[in-house]
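Labels below follow one simple rule: chain letters A, B, ... track the order of the sequence lines, proteins then strands, and each chain is numbered from 1. All values derive from a computational prediction rather than experimental measurement.
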Protein chains: 2
Amino acid sequence: MKRSRRKTIRDVAEAAGVSIGTASRALNRRGRVSEATVARVSAAAKKLGYEPDAIAQSLRLRSTKVVGMLVTDLANPFFAGVIRAAEERLQKAGYALLVGNTANDRAREKFLADLFRRRRVDGLIMGPCETEDAERTVALDDGEMPVIGLDREVGAAQSAVYVDHRRGAYEATRHLINLGHERIALLSSSSRLSPGRSRIEGYGAALREAGIEPQEALIRAQKSSMEFVFSEALSLMSMRPAPTAFLCLGTRMLAGALQGLRQNGWRVPNDVSVLSVGDSDLARLYAPAISAVSWDLAAVGEVLAELMLKRLSPDDDGRAERILIPTQLIERESCARPGALFGG
Amino acid sequence: MKRSRRKTIRDVAEAAGVSIGTASRALNRRGRVSEATVARVSAAAKKLGYEPDAIAQSLRLRSTKVVGMLVTDLANPFFAGVIRAAEERLQKAGYALLVGNTANDRAREKFLADLFRRRRVDGLIMGPCETEDAERTVALDDGEMPVIGLDREVGAAQSAVYVDHRRGAYEATRHLINLGHERIALLSSSSRLSPGRSRIEGYGAALREAGIEPQEALIRAQKSSMEFVFSEALSLMSMRPAPTAFLCLGTRMLAGALQGLRQNGWRVPNDVSVLSVGDSDLARLYAPAISAVSWDLAAVGEVLAELMLKRLSPDDDGRAERILIPTQLIERESCARPGALFGG
DNA sequence: CATGAAAGTGCAAACGTTTTCACATGCTAT
DNA sequence: ATAGCATGTGAAAACGTTTGCACTTTCATG
C-alpha cells in the first residue's frame with residue numbers, strides 16, 4: 001500500500017473550496033482575506049496535515065532561511081561550542097545551519113563557499129583559515145550574501161567577531177611576569193593563523209612592557225601536532241638557563257607541554273609554571289588544575305548569529321560591525337613564583 | 001552601481017543561441033545534444049560565471065542533496081567527532097549537512113525533525129535522545145525519508161549504527177575483576193538513555209559472570225552534571241568497605257570522580273583504580289593517564305554517512321542494516337590490583 | 001526514390017509556492 | 001441613483017530548473 005502523496009497547497013485549497021492564491025493568503029494571514037476563509041483554510045490544512053514546502057517557498061521568496069558556517073575543524077571544541085550557540089540562536093529566528101569543514105585548506109574553503117552559494121544560503125559565517133592570500137578572501141564577498149567573520153577578516157564591508165586573543169595572551173604573560181618569571185616559553189600553533197599571531201603579539205607586548213626582550217629561542221610556533229609540541233617542550237627544558245614558565249596557546253599545546261613536563265618529572269607549579277590560553281576540560285580538571293585564559297564560547301556563537309540576523313533583517317543599515325569578545329584569566333593551581341618554594 | 005543580476009540558465013541559453021532546454025541538456029550532458037552545442041553552451045556558461053540554482057533544481061528534481069543530523073549536543077566531543085566525519089563523507093558524495101541540537105528534549109527533537117522534513121532534507125540522521133515514548137520515535141519514520149539512527153533505534157525499517165557500549169562496559173568491568181577488584185563503583189549518567197543502559201547491563205553481566213552480585217549502593221546513575229558526580233564520588237568513598245575501583249561511564253563522570261578522589265587525597269592507581277568508558281583528552285592526558293574504553297568516532301560518522309548514501313542511492317534494496325562499532329580497551333596507568341601495593 | 005531511424009532541437013509543462021492584478025461584490029457618501 | 005471605495009476572491013505570472021513530447025533535419029537502407 002503506497003503512502004499518499006505529500007499534501008500541497010493545492011490540496012488544501014481544493015478541500016477548503018477556494019483558489020490556491022486565497023489559500024496561500026489565508027495560511028500566511030497576508031493581504032486581504034476574510035476571517036471565515038482563514039478558518040476554513042486552516043481547518044483544511046490541519047486536517048490534511050499540510051506543511052508548506054520550504055523549497056518552493058525558497059524559490060519564490062528568494063530566501064532559503066539557511067545560513068552556512070565554515071570552520072577549520074568541526075570537532076574542535078572551540079568551534080563546536082560556537083556552532084552550538086549559533087545554531088540555537090539562528091534556529092530561534094527560523095534559520096537552519098548548514099555546516100562545512102574546511103580542514104584549513106583554502107581550496108576546500110573556496111569549494112564549500114561556492115557550494116553554499118549555489119545552495120543559496122542567506123548568509124555565511126566563516127571561521128579562520130590560514131591567511132596567506134588576502135585577495136581570495138575578498139573575492140568571497142561577492143556582495144550578494146552577507147558574510148560574517150569569526151576571528152577573521154572577511155572584507156571591509158562585512159561584520160566580524162573576534163576573540164581578544166591579543167589581550168588574553170598579554171594578560172597571561174603579565175600574570176607570569178608579576179609572579180617574577182622572566183624566561184617564559186611560548187608554545188603556539190602556526191603563527192600564520194591570525195589568532196595565533198595576535199597571541200604572540202600580546203605575549204611580546206607584555207614582555208617588552210616589562211623591559212624584557214622576547215627571545216627567539218623561547219618561542220616555538222610551528223605545527224600544532226601534539227607530538228611536535230611534546231618534543232619542543234623537551235627541547236625547551238634542556239635549555240640553560242631553562243624557562244621557568246610555559247605559556248601554551250591552545251589545548252593541543254597544553255597537552256603536549258604537560259606530557260613533556262611529566263616525562264622529565266618536572267612538577268607543576270613547583271618546578272615550572274604553566275598557563276594556557278584557551279580553557280578546556282583538560283586545563284580545568286588536570287591535577288594540578290591549570291590556570292587559563294578563557295572566553296565565552298556561547299557568547300561568540302550568539303554574537304555571530306546576532307550579527308548575521310541583523311544583516312539579514314530587511315531594515316539593516318549595512319554598516320559593518322566588529323565585535324571583540326573579552327577574555328578573562330582564571331587562576332587555578334599551576335602558577336607560582338619561580339625558583340624552589342612552598343613544597344606541595 | 002548595482003551588481004549585475006545572478007545569471008540564470010536563460011542567460012546562458014541566450015548567449016549560446018539555443019533554447020533553455022537545450023542549454024540544460026548540454027550542461028548536464030543528458031539526452032541528445034551535439035558536441036558542438038555542448039561546447040558552445042559550456043563556453044557561454046563559463047564566460048557568464050553561471051552556477052545552477054540548487055533550489056530550483058531541488059524543486060524540480062525533488063531532492064535537495066541535503067541530509068539533516070540531529071544530536072543531543074553539538075558541542076559534545078563524541079558527537080562533534082562523528083559529525084565531522086559524516087560531513088566529510090557526505091560532502092564527498094555531493095550532500096551537505098544540516099545540523100540541529102535537540103538538547104535531549106523530545107519536543108525540540110520533534111520540532112526540528114519536522115522542520116527538516118519541511119526543508120525536504122533527503123535523509124535524517126538521528127542521535128540518541130531519552131527514550132521514554134517509543135511511539136513518538138516510530139512516528140518519525142513517515143516512510144518518505146530515510147532515517148538512520150546513531151546509538152538509537154529509529155523504527156524497524158530503518159538502518160542504524162550502534163557503538164558497542166555493552167561490550168565496552170563489559171570488558172572494562174572484566175579487566176577490573178581480573179585485577180582482583182570486587183567492589184567496583186559505577187558512575188553513569190541517566191540510565192534512561194539507551195547507551196547508558198547498555199553500559200550498565202555490560203557492567204552487571206561481567207560482575208555476575210564472575211559470581212559477584214551487583215550492589216545497588218555502588219551504582220550511581222542519575223544526572224550527569226559534574227557537581228552531582230563529584231558529590232556521589234565523595235559519598236562512595238565514605239562507604240565501608242569502600243570501593244576499590246571506579247568505573248566512569250562518560251567524560252563528565254570521569255571528571256567528577258577524579259575531582260572527588262583528588263579532594264580526599266586518594267591516589268590513582270595506588271588507593272583506587274579508575275577506568276573510563278569513553279576516551280577523551282582528559283583521560284589521555286591526565287596524570288596518571290586514565291585507562292579507557294575507546295571507539296573510533298570517525299568510523300561512526302563514516303558508517304552513518306555510508307548507510308545514508310546507500311539508502312539514498314536509486315538502486316537501494318531497502319533492507320535495514322544494523323552496524324555495531326567495536327570498542328577497545330586502552331590500558332594506561334590508572335588501574336592496579338586493589339589493596340596497598342607497589343608504592344608508585 | 002520512398003521510408004524509416006536516428007540525432008538534434010525547441011516548446012511547454014511541470015515542481016509548489018507567493019503575489020500582482022483585475023474583477024465582482026456590497027457598502028457609504030454624495 | 002450613482003460614483004466611489006473597501007473588501008474579498010480567482011486567474012495567472014513569476015521563481016529557475018529538468019524533461020517528455022513533437023518536430024525538423026540528416027542519412028542510411030530498402
Side-chain angles (χ1 to χ4, degrees), chain A residues 4-42 44-45 48-66 94 115 117-122 144 314, chain B residues 4-42 44-45 48-66 94 115 117-122 144 314:
Chain A
S4 65
R5 210 180 76 271
R6 206 166 232 170
K7 300 303 179 194
T8 80
I9 200 173
R10 157 168 258 112
D11 300 316
V12 174
E14 246 162 52
V18 296
S19 76
I20 300 182
T22 304
S24 170
R25 276 183 299 254
L27 290 171
N28 301 327
R29 287 208 153 55
R30 188 167 198 111
R32 286 202 248 282
V33 231
S34 74
E35 268 313 310
T37 315
V38 169
R40 212 145 28 96
V41 173
S42 313
L48 296 178
Y50 165 75
E51 286 187 320
D53 183 324
I55 294 300
Q57 288 180 318
S58 296
L59 183 59
R60 173 67 227 224
L61 299 177
R62 340 182 65 73
S63 152
T64 51
K65 290 285 194 178
V66 170
L115 197 69
R117 195 205 324 282
R118 275 196 20 159
R119 288 240 146 89
R120 300 294 187 254
V121 296
D122 287 347
E144 297 185 41
Chain B
S4 67
R5 209 179 79 272
R6 206 165 232 170
K7 300 303 179 193
T8 80
I9 200 174
R10 157 167 259 110
D11 299 316
V12 174
E14 247 162 50
V18 296
S19 76
I20 299 182
T22 304
S24 170
R25 276 182 297 254
L27 290 171
N28 301 326
R29 287 206 154 55
R30 188 168 199 113
R32 288 201 248 282
V33 233
S34 74
E35 270 313 309
T37 314
V38 169
R40 215 146 24 99
V41 172
S42 312
L48 296 178
Y50 165 75
E51 285 186 321
D53 183 324
I55 295 301
Q57 288 181 318
S58 297
L59 182 60
R60 173 68 225 226
L61 299 176
R62 338 183 66 73
S63 153
T64 51
K65 290 284 193 178
V66 171
L115 197 69
R117 196 205 323 282
R118 275 197 19 164
R119 288 240 147 88
R120 299 295 185 255
V121 296
D122 287 347
E144 297 186 42

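In this structure, of C:dG16, C:dG10, D:dT17, it is D:dT17 that holds the atom nearest to the side chain of B:D53. Each of C:dT17, C:dG16, D:dG8 was ranked by its minimum atom distance to the side chain of A:I9; first place goes to C:dT17. With D:dG10, C:dG10, C:dT9 as the choices, the nucleotide that has an atom nearest any side-chain atom of A:S19 turns out to be D:dG10. Here the side chain of B:S24 is nearest to one of C:dT9, C:dG16, D:dT19, namely D:dT19. For A:I20, the listed nucleotide lying nearest its side chain is C:dT18; candidates were C:dT18, D:dT7, C:dT9.
Rounded to an integer number of Å, the gap from CZ of A:R6 to P of C:dG16 is 9 Å. Between B:R32 atom CZ and D:dT25 atom C1' there is a gap of 13 Å when expressed in whole angstrom units. The nearest whole Å value for the distance from the CZ atom in A:R30 to the P atom in D:dG8 is 17 Å. Remark: C1' of D:dT17 and CZ of A:R119 are 15 Å apart, rounded to the nearest angstrom. Distance B:E35 CD to C:dT9 C1': 15 Å, rounded to the nearest Å. A:N28 has its CG atom 17 Å from the P atom of C:dG16, to the nearest Å. In this structure, B:R29 places its CZ atom 13 Å from P of C:dG8, rounding to the nearest Å. Atom CZ in A:R120 sits roughly 21 Å away from atom P in C:dT17 (whole-Å rounding).
Within the 4.0 angstrom heavy-atom criterion, no nucleotide atom of any strand lies near B:S58. Backbone-only engagement by B:L61 is indicated by non-hydrogen atom pairs under 4.0 Å involving sugar-phosphate atoms exclusively.
Between B:S34 and the phosphate of C:dT9, there is a side-chain N or O to OP1/OP2 separation shorter than 4.0 Å. Contact annotation: A:R62 side-chain N/O to D:dG16 OP1/OP2 distance is under 4.0 Å. Contact annotation: A:T8 does not reach the phosphate of C:dC15 (side-chain N/O to OP1 or OP2, under 4.0 Å). For the OP1/OP2 pair of C:dT9 and a distance below 4.0 Å, the side-chain nitrogens and oxygens of B:T22 include no atom meeting the criterion. Contact annotation: A:Q57 side-chain N/O to C:dT18 OP1/OP2 distance is under 4.0 Å.
Two residues are said to be in side-chain contact when any heavy atoms from C-beta on lie closer than 4.5 Å; A:K65 and A:S58 fail this criterion. Residues B:E144 and A:R5 form no side-chain contact, since every pair of their non-hydrogen atoms from C-beta on lies 4.5 Å or further apart.
The pair A:R6-A:D53 does not meet the salt-bridge criterion, since no charged nitrogen lies less than 4.0 angstrom from a carboxylate oxygen.
Both B:A23 and A:R10 sit near DNA chain C, but only B:A23 has its closest nucleotide nearer the 5' end. Nearer to the 5' terminus of DNA chain D, by closest-nucleotide assignment, is the contact made by A:G21 (compared with the other of B:A56 and A:G21).
In this structure a side-chain-to-backbone donor-acceptor pair under 3.5 Å is present from A:R40 to A:A16.
In this model, a side-chain donor or acceptor of A:R60 finds a partner on the base of D:dA14 within 3.5 Å. Between the side chain of B:R25 and the base of C:dG10, a donor-acceptor pair under 3.5 Å is found.
For the atom pair A:I20 CD1 and A:E14 CD, the distance stands at 8.5 Å (nearest 0.5 Å).
The number of heavy-atom neighbours closer than 6.0 Å to CZ of A:R30, taken from other residues, nucleotides and ligands shown, is 12 or below.
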